[in-house]
Amino acid sequence: MTQLHIRQRDKSALRQGYSASVRKFEIASIATYALAVAWLAWRLAPRAAEKPFLALSALMLGFIAADFVSGVVHWMADTWGTAKWPIIGKALIRPFREHHVDQKEITRHDFVETNGNNCFISIFPTVAAALLPLHETGWLFLSTMMFAMSVAIFGTNQFHKWAHMDAPPPLVRALQRASLILPPEHHAVHHSAPYAKYYCISVGWLNEALFRLRFFQTLERAITALTGALPREDDIGKRAALVVAQQPPPPLPELPRIELPKLPIELSGIDLPDGPRLAKPD
Ligand SMILES: [Zn+2]
Ligand SMILES: [Zn+2]
């Protein structure tokens, strides 16, 4: 990939995009999200306690769905648009572009800058989940799943930040080793140019599957065919983006070869014991 001539944006210009108004927006998002998620938890708790297995399976599914959402949002911000766009450009695209230029910058973000964006994204689905008719089992399952999704999406940037820290707290390192939050070694795959795979950053469980299924590559081709837009053009420059877009799809997984041990005797020489015989149908 070294011959791609990847052009990267100016780091200080990207940093200047973090204005006072963006910070106020993030603080308001965190406060609103905290209220929304507390309300949802208060509504869910008594009903989830009555159906613990339903609640546990919904929580697990929500956790996996959050990993998928983290991948889709990250892919969109990495691949399309520009940091100059109003609101979305400054609040969502700029931090992802900055992150490719300087991976460690995220470790210098405080709580507000790390978590403000994801709080904003999570407000609407969290409120919607709290408004569902929870006395019906199906809606209770969906609402509990959305609660887990909301909390995991809220945590995603924090998990991502921890994956870039040289010395995260011991409990965090233990969770990373257990692959319960994004492990740094796994996330390092995304950080090699042209940043075109392993987008999921909650826990990363879906990354290899989405890569092998060519999920994002197929979406990119469909969007290019429909709109003419070139994926990653603003992030890495037109020339490199063209090369990446024309790369062949990733290889499909090979099944492991299993060597069977050589049998010490000829199968034909074995006398099988007589057993009860089934009567042949007429
Ligand atoms: Zn990225
Ligand atoms: Zn990263």
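Here the structure is a predicted model, which means the values were calculated and not measured. Each residue takes its place number in the sequence, starting with 1. In listed order, ligands and their atoms are each counted from 1.
Using a 4.0 Å cut-off between charged side-chain N and carboxylate O, K197 and E220 make no salt bridge. E113 and R108 are not joined by a salt bridge, as no carboxylate oxygen comes within less than 4.0 angstrom of a charged side-chain nitrogen.
An angle of 90° is found at the Zn ion (ligand 1) between D78 atom OD2 and H74 atom NE2, rounded to 10°. Rounded to 10 degrees, the NE2-metal-NE2 angle spanning H164 and H99 at the Zn ion (ligand 2) equals 90°.
With a cut-off of 2.8 Å, the Zn ion (ligand 1) has no N, O or S atom of H191 in range. Residue contacts to the Zn ion (ligand 2): H190 brings no N, O or S atom closer than 2.8 Å. Note on H100: counted as a metal contact of the Zn ion (ligand 1), an N/O/S atom lying under 2.8 Å.
Taking the ring centroids of F154 and F159, they lie at or beyond the 6.0 Å cut-off.
Using modelled atom types and a 3.5 Å distance limit, the side chains of H100 and H191 yield no donor-acceptor pair.
Y198 pairs in a ring-ring contact (aromatic ring centres under 6.0 Å, His included) with only one of the listed residues (H190, H160, H186), which is H186.
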